[in-house]
Structures are given as C-alpha cells and as structure tokens.
Amino acid sequence: MMVPAEVPDAEAEPDGVEDRLRRFATIWSRAIFPATATSLTRPEFEHHLLPLARRLRDALHHKIFDASPAHSVGAALVAAHCTDPETLARSLGVVDAYLVLYCGATADPADDLAAEELRARCARLQHALAAGFALALRERTLTEQEAIARSALAARGAAEDALHATEARFRAVFEGAAIGIGIADLDGHVLEVNDTLTQMFGGLEHHVRSRNVSEWVHPDDVPQVWRMHGELIRGEREDFRTEKPFFRNDGTVLWTNLTVSLLRDVDGVPQYQLVLLEDTTERRLLNLRLRYEATHDALTGLPNRTLFFERLEKALAPARDTAATDAKETAKDKAGDGAEEPAENGAHGDPGARPKETAPGTRQPARFGLCYLDLDGFKAINDSLGHSAGDRMLVEVADRLQSCATAPGEMVARLGGDEFVALTTGPDTQREVNDLASRILGVLATPISLDGREFTVRGSIGIVEGEAGAFSAAEVLRSADITMYRAKSAGGNRFEHADAEADARAITRHGLTTSLPTALERGEFFIEYQPLVHLADGTVHGAEALVRWSHPTHGVLGPDRFIPLAEHTGLIVPLGRWVLEQSVRQARAWQEELAAGTFGGPLRINVNLSPAQLHHPGLVADTVEVLERVGLEPGSLCLEVTESALIGADEDLLKPLRQLAEMGVDIALDDFGTGYSNLANLRRLPVSVLKLDRSFTQGMQQHPADPVDIKIVEGIVSLAHSLELAVTVEGVETGTQAEHLRMLGCDTAQGWYYARPGPPEMLHTLSLADAV
C-alpha cells in the first residue's frame with residue numbers, strides 16, 4: 001500500500017486557498033475511487049490524492065511553467081493501482097473541469113495569471129498527466145509480462161521434471177508391485193504385463209500376452225462379471241471390482257480379487273483397460289478350511305450347531321416358485337460347500353436340496369422332519385469310565401448315526417454333549433422321519449465295545465415334522481427338545497412326536513420358572529387362610545396358610561403350579577421363609593385382636609414345609625428367629641410335613657423336627673395314608689398331628705356312608721389316639737361328612753364345607769358354630 005505523502009502544514013497558506021485545494025481533491029477522489037483496485041478506504045484514498053492535487057496546482061502557477069510534475073502525477077496514479085483506463089479518463093475530466101476553477105486563484109492576487117494562460121497550462125498539464133500515466137502503465141505491463149514469462153518457463157520445467165518423476169514412479173510401481181498389473185486395448189489385446197501377473201499365471205509371459213482378455217472365462221464366474229466388462233469397454237462405467245477365478249497354464253485354478261478400470265485420452269475417449277489382480281487363492285483355501293472347522297464338530301466330524309441351523313433355516317424357508325431358482329440355489333450351495341471344502345456328512349448330499357418332484361413341472365409342498373436325540377445314561381459312562389471313553393463312544397455313535405442318513409435331503413449333526421439331530425426334507429417327511437428315527441434306535445441297539453466291555457446305548461428322540469415356512473428354526477428346536485424330554489420321561493429308548501398342547505405346558509412351566517426369582521422380590525405372592533374347625537363344637541381351632549402367586553400374565557396360581565418349580569430351582573427356601581414369617585405375623589395379629597376382644601379368631605397357624613426345606617440346615621434357626629422376633633409362642637405354630645417326605649427318613653433328617661417339637665412347635669404328618677408308610681414308624685416320628693388324606697373320607701359325603709371308609713378311618717383314629725396324636729381331616733365338603741367324622745372321633749377338620757381359603761379378614765365374619 002502506498003504511504004500518503006506528507007501534507008504541508010495548513011497554516012502555511014491561507015484557509016481559503018487550502019480549502020479549495022481540498023475540495024478539488026475530494027471531487028477527484030469521488031470520481032476515480034470506484035474504478036480503482038486500491039485497498040485504501042475512500043477517505044484514505046482522498047488523503048493520498050491531496051499532495052498530487054497540490055503538485056498540479058503548484059505547476060499551474062509556477063512562474064516558469066513546467067508540465068513535468070503532471071507527468072509524475074500520472075505515474076503516481078499507476079503506482080497507487082489506479083490502472084483502469086477509466087481512471088485516466090475521469091482524472092483528465094476532473095483536471096479539465098475543476099483545476100482552474102478551484103486552484104486558479106492564489107494568495108496574492110498580483111501573481112494571478114490570465115484566464116487564457118491558466119487554461120493553456122491546464123491543457124498541457126492534462127497531456128503530461130496522460131503521458132505519465134500511459135508510460136507508467138506500459139512499464140508496469142512489461143514488467144508483469146516478463147514475470148509471467150519467467151513463471152511459465154519455471155512451471156514448464158517443473159512440469160517436465162514432475163512428469164519424468166511420475167513416469168519413473170509408475171514404472172517402479174508397475175514392475176515392483178505385489179499385485180498383478182496388465183494393460184490391454186479395448187479389443188482385449190494384452191499390451192503390457194508386470195512380472196507379478198506373469199508369475200501368477202505360471203511364469204510364461206508369452207502365454208499371457210498371447211491370450212485375449214475375452215478368453216479368460218471360467219465356469220465359476222459370477223454372471224454379471226462379463227456384463228460389467230462390456231459396459232466398461234463401451235464407456236458406460238469407469239471401473240468394476242469382483243472376485244474371479246482363472247485357469248493357470250497348468251490347469252489349476254487361480255482365485256483373484258479383480259479390478260478393471262477404463263483409461264481415457266485427453267478428449268475423454270476410452271482408450272485402454274487397466275487390470276489389477278490380487279492373488280487370493282491361499283486365503284480362499286484357508287477361509288474354506290476355517291469355515292469347515294467352524295461348522296463341524298472337532299470330535300465326530302459331524303456338522304455342528306452352526307451349520308445345522310443354516311441347513312435347518314434353508315429347509316424351513318418357503319418353497320421356491322420355480323425349478324430354475326432351486327437349481328441356482330443348489331448350485332450356489334454346492335459351489336460354496338462342496339467344491340473345495342471337505343465333505344460335510346459323507347455321501348449325504350445337500351441337506352437343503354429341493355423336494356422330490358412327482359412329475360415334470362409339478363411341485364408338492366416342501367416339508368421337513370427333525371429328530372432330536374439325547375443318549376440315555378451317558379453321564380454314567382463318563383463318570384465310571386472317564387471322558388476319554390465317553391468321547392470314543394460319541395465317535396462310534398456319530399458313525400452309526402451318519403450311516404442312517406444317506407438319502408438326499410438327510411443330514412446328521414451334533415449339537416453338543418450327547419445331543420444329536422437328524423434332518424430330512426422332501427414331500428413325504430411324515431413317513432420318512434419315522435423311518436429315520438426307527439433306524440437310529442436300531443443302530444444304537446448294537447452294543448458298543450469300550451475297554452473290553454460292551455455297552456448298550458439307548459436314546460430318547462423327539463420328532464417335529466411339518467410344512468416348510470410354518471415354523472422358525474428356534475421354534476422347531478425348542479419343540480423337539482421338549483418332545484425329547486417327554487420321551488425320556490416315558491422311559492427312554494423311544495421316540496415321541498411333538499404335541500402343541502404339551503409344548504405350551506412346558507413353555508408355561510419354563511416361563512414360570514424363570515420369573516419365580518423376581519416374583520418374590522416384586523411382592524407377587526400372597527397368603528390365603530383356611531380355618532381348622534373343632535368337630536366337637538364347631539369353633540375355629542386354627543388356620544392353614546396357603547400361598548398363592550398373583551402372576552401378571554397367568555392370574556392367581558395355586559401352589560400346585562409353582563411349588564414344584566420352586567423346589568426344583570431352590571427358591572423354595574426363601575419363599576418358605578417368607579410364608580413362615582407372614583403367617584406367624586398374622587397369627588400374632590389375631591391373638592392381639594382376641595386379647596382386645598375385637599375378634600374371636602384362631603389361636604394357631606399351620607404352615608407347610610417342603611422336603612427341600614427339611615434338608616436346609618437353617619430350618620431350626622430360621623423358625624426360632626421368626627417366632628422370637630414376632631413374639632409368637634412356639635405352641636401356636638404347627639408345621640405340616642407330607643408323609644412321603646418322611647418315608648424312610650433317617651435320624652439326621654428327623655433331628656431338626658425333633659428340636660422344633662421339643663421347643664413346643666407341633667409337627668403334623670400331612671396327606672397321611674398316601675405314602676404307604678409302616679404305621680409302626682409313627683412311634684419314632686416327632687409328630688403330634690395326623691392329617692388324614694381326603695381320599696379316605698369321600699365315601700362319607702352322603703348317607704349311607706361307605707362302610708369300608710368308616711372302618712379305615714375308625715382304625716386310623718383309634719391308632720392315632722392311642723399314640724396321643726390328634727387327627728385332622730382334609731377336604732370336608734358336606735355336613736353329612738362332617739357328622740360322620742365327628743362321630744368317629746376326629747378332632748379337627750377343614751374343607752369347603754366350612755370355608756374356602758381366603759384373606760385373613762374373612763375369619764372375622766366366619767360363623768362356624770351354626771354350620772355343624
């Protein structure tokens with residue numbers, strides 16, 4: 001940026017002369033500023049023009065006229081980047097119109113020149129300004145052109161050097177690249193190849209150069225590869241990438257990642273095709289091997305769970321519309337799994353093959369059949385002979401199973417452990433799956449020799465059969481697994497067919513089992529109470545606590561639906577502890593109401609104990625802790641234990657019951673008469689109450705009563721009283737039945753005749769005296 005020349009002190013001249021000079025500079029700047037390329041603001045530009053205006057004014061009034069200052073003013077305009085021709089024209093116009101007008105008078109009127117002289121001098125000043133502007137602009141232009149020429153020459157040299165370096169780098173890359181590179185014309189003639197590509201095809205360059213690109217066809221080419229190549233040759237695409245096999249000179253297969261690019265000339269016309277080949281043969285073989293290992297069982301060589309699920313999902317897919325589609329899918333499956341991968345299952349064929357057709361162009365609905373096999377008693381072999389012997393047995397079993405599934409559409413797989421599956425597909429799987437299961441059980445019947453001993457292997461099979469497209473793979477496996485366990489529960493060495501209702505019950509049981517732990521945390525359990533009544537006077541003697549589950553989906557569930565599941569999962573211990581505490585608290589609350597005279601309810605509470613709770617080491621401590629914390633006397637609690645839980649019980653099992661009985665807690669023998677126990681064993685059991693099973697009293701519900709039931713109950717009551725045991729009867733449903741039991745000497749009873757189980761406040765309004 002030009003630095004404005006210093007302005008002479010304004011006090012050196014009278015204000016009028018200086019003001020006119022400044023007005024002239026202002027007019028000049030306004031006229032030419034829009035046409036300048038300066039970075040100055042307009043006030044700054046006006047300040048820059050002020051000394052130039054003074055130079056013109058001084059030259060106008062000099063005694064000896066000299067126009068050269070105007071020549072320098074023109075050059076100064078160019079130096080200030082006022083190079084537009086419009087700038088010169090406007091400057092000359094301003095000088096012509098306003099220089100004499102604003103700068104023609106001086107401070108001393110005696111020195112003023114005649115108007116004609118001033119106009120003549122103004123004209124000569126304009127000529128000099130224009131000449132100076134033109135000369136300065138010419139010199140500036142020449143200087144710039146020279147600089148441009150020098151720059152162009154330097155750029156050309158640099159471009160040539162870069163081109164040479166690029167060609168050298170390209171040649172180095174072409175010759176030393178680890179991938180094969182070839183260049184061919186649009187007709188497919190190979191023009192140049194590097195050593196890597198030559199070595200990939202066998203090392204003979206003339207064999208590669210002598211072939212046309214169109215000759216490199218392989219049967220396993222994907223259909224679109226040559227379509228894309230044609231589009232590239234026609235200039236419709238710039239490049240494409242694909243996986244492609246080639247035949248080497250010796251006939252072996254070379255697998256590559258192929259990239260073909262179109263090279264155009266400067267006018268954009270297609271000229272060459274550039275081919276890049278990456279050898280992926282070893283990687284492909286390794287992937288196939290890894291795929292085989294990942295989808296086959298290492299011990300038996302059978303397909304594993306992963307591959308079986310793939311085949312099952314393919315078999316369960318809805319039937320395809322045309323045979324051509326099936327043929328393409330089958331060919332694709334064989335190419336991926338059969339050409340270079342070890343056989344999956346001997347000579348089984350493709351397990352996902354399409355169903356057999358009965359006539360050309362006729363297709364029956366595709367179906368599937370699945371056998372889920374679990375060996376019976378295999379754990380005993382592992383435990384007795386060791387895992388090595390168990391593995392040898394599994395290998396022998398796998399070989400036998402493999403011999404059973406040799407038909408097209410059949411396969412066998414090992415899911416893990418001693419679990420195997422066999423799959424058959426086709427239009428007649430309803431018959432074929434039964435035959436397959438029978439063959440499996442048949443080959444397993446022959447004993448297996450291990451370490452000089454022979455073992456007979458048995459198996460349980462669950463069969464699921466149906467139409468493709470109706471089930472998912474997970475649903476089929478789940479149903480087959482459930483069905484297999486039904487076969488195992490029925491004794492094993494057999495097969496069972498899937499049943500939707502049985503599956504639903506099993507799934508419901510599983511759902512209840514998984515939701516049990518959180519149900520206790522969420523407070524979904526509650527307790528109902530059924531009164532125990534004195535048969536002699538009809539008063540309430542106690543109440544039995546019966547736990548219920550308020551399930552968010554299935555509604556209120558009785559203990560028969562979830563107690564076995566709780567015992568199986570181990571949740572019965574915390575659940576039983578919760579029931580005990582809640583029941584004891586309720587009994588204590590009733591006693592406090594009785595003391596206050598507000599309720600004449602039961603004084604005792606009966607709580608059931610499961611066999612799992614009997615074996616828990618904390619039974620006695622937990623019971624004592626609850627009684628002491630709540631403040632209930634031990635004599636107000638009765639623990640009910642089923643007769644079957646105490647059949648053959650040893651002293652270790654009876655010890656905690658004896659400890660509780662010695663504290664004053666009553667022990668009731670529940671469901672008495674169903675366990676076929678030796679009546680003499682009652683002597684050694686720490687029980688104080690017999691709860692007679694309802695099956696003995698059903699014949700007493702009407703008159704006349706069953707005489708056999710009368711005799712049985714009479715004998716049991718007599719025996720119990722002789723052993724100082726109280727007798728309670730369950731399931732009393734009629735007044736006649738209650739009267740018979742009272743006459744036979746039974747002590748207490750409970751049943752729907754008196755009241756159904758209900759909330760604790762139900763006992764407030766219960767009047768039992770009139771019911772007897």
Side-chain angles (χ1 to χ4, degrees), residues 170 173-202 204-288 291 314 320-341:
F170 171 76
V173 170
F174 186 82
E175 296 297 339
I179 62 174
I181 304 176
I183 299 176
D185 60 23
L186 297 184
D187 293 328
H189 300 114
V190 179
L191 303 177
E192 194 169 1
V193 294
N194 67 352
D195 291 339
T196 303
L197 188 143
T198 302
Q199 295 301 321
M200 289 167 60
F201 278 90
L204 300 176
E205 182 177 348
H206 67 277
H207 283 178
V208 179
R209 284 180 172 271
S210 64
R211 300 177 64 182
N212 192 283
V213 171
S214 61
E215 298 175 10
W216 284 339
V217 178
H218 191 277
D220 291 333
D221 286 341
V222 293
Q224 65 267 29
V225 61
W226 292 107
R227 175 182 57 79
M228 293 188 296
H229 183 261
E231 293 173 353
L232 181 134
I233 296 301
R234 294 191 298 271
E236 298 173 2
R237 66 163 56 232
E238 295 300 315
D239 55 61
F240 68 88
R241 298 185 63 185
T242 186
E243 184 180 34
K244 177 173 169 34
F246 295 88
F247 283 118
R248 294 192 181 96
N249 297 330
D250 58 1
T252 59
V253 178
L254 167 70
W255 280 92
T256 68
N257 279 335
L258 170 68
T259 302
V260 184
S261 301
L262 183 65
L263 302 180
R264 300 176 181 268
D265 60 16
V266 293
D267 296 324
V269 179
Q271 191 170 14
Y272 301 105
Q273 48 182 318
L274 174 66
V275 178
L276 304 179
L277 292 175
E278 179 187 6
D279 188 349
T280 61
T281 306
E282 293 186 3
R283 185 194 312 166
R284 179 180 175 84
L285 293 175
L286 175 61
N287 288 338
L288 289 173
R291 160 73 178 172
K314 186 181 296 184
R320 295 171 175 83
D321 294 332
T322 65
T325 305
D326 282 335
K328 182 174 69 174
E329 291 295 325
T330 303
K332 180 180 178 182
D333 189 45
K334 290 180 178 179
D337 294 328
E340 298 179 56
E341 183 179 0

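- Atom CD1 of Ile179 and atom CG of Asn257 lie 10.0 Å apart (nearest 0.5 Å).
- Shown here for Gly235 and Pro270, the closest heavy-atom pair between the two residues is CA-CG, 4.1 Å.
- Atoms CD and CG, from Glu236 and Leu262 in turn, are 11.0 Å apart once rounded to the nearest 0.5 Å.
- Partner of Leu186 under the side chain to side chain contact (heavy atoms under 4.5 Å, CB included) criterion, out of Ile233, Val213, Leu232: Ile233 alone.
- When atom types are taken as modelled, the side chain of Arg237 and the backbone of Asp239 share a donor-acceptor pair closer than 3.5 angstrom.
- No side-chain donor-acceptor contact under 3.5 Å links Asp267 to the backbone of Val269.
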Exercise. Output, in order, the C-alpha distance, side-chain angles, deciding distance and verdict of side chain to side chain contact (heavy atoms under 4.5 Å, CB included) for Thr259 and Phe240.
Key: CA-CA 6 Å; Thr259 302; Phe240 68 88; over 6 Å; no
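- We find the CG-NE2 distance between Leu254 and His218 to be 9.5 Å, quoted to the nearest 0.5 Å.
- Checking Trp226, Trp216, Phe246 one by one against Asp221, the side chain to side chain contact (heavy atoms under 4.5 Å, CB included) holds for a single residue, Trp226.
- Listed for the Gln273 side chain is a donor-acceptor partner under 3.5 Å among the backbone atoms of Asp185.
- Without hydrogens or angle criteria, Asn194 side chain to Leu197 main chain gives a donor-acceptor distance under 3.5 Å.
- In this structure, the side chains of Val253 and Thr281 stay at 4.5 Å or more apart for every pair of heavy atoms.
- Put simply, the side chain of Lys244 does not reach to within 4.5 Å of the side chain of Leu277, judged on heavy atoms.
- Between the side chain of Arg291 and the backbone N or O of Leu286, no donor-acceptor pair lies under 3.5 Å.
- Checking side-chain atoms of Thr280 against main-chain N and O of Trp255 turns up a donor-acceptor pair under 3.5 Å.
- Atom NE2 in His229 sits 10.5 Å away from atom CZ in Arg234 (nearest 0.5 Å).
- The line from CD of Glu238 to CG of Leu263 is 9.5 Å long, rounded to the nearest 0.5 Å.
- The number of heavy atoms from other shown groups lying within 6.0 Å of CD (Glu215) is above 12.
- Under 4.0 Å is where a charged nitrogen must lie from a carboxylate oxygen, and between Arg283 and Glu278 at least one such pair does.
- Ile181 is not listed as a side-chain neighbour of Thr196, based on a closest heavy-atom distance of 4.5 Å or more.
- Residues Glu192 and Arg209 are not paired through a salt bridge, judged by the lack of any N-O separation under 4.0 Å between the basic side chain and the carboxylate.
- When side chains are defined from C-beta on, Arg284 counts as touching Glu243, because their heavy atoms get closer than 4.5 Å.
- More than 12 heavy atoms of other residues, nucleotides or ligands sit less than 6.0 Å from atom CZ of Phe247.
- Expressed to the nearest 0.5 Å, how far CZ of Arg241 lies from OG of Ser261 amounts to 9.5 Å.
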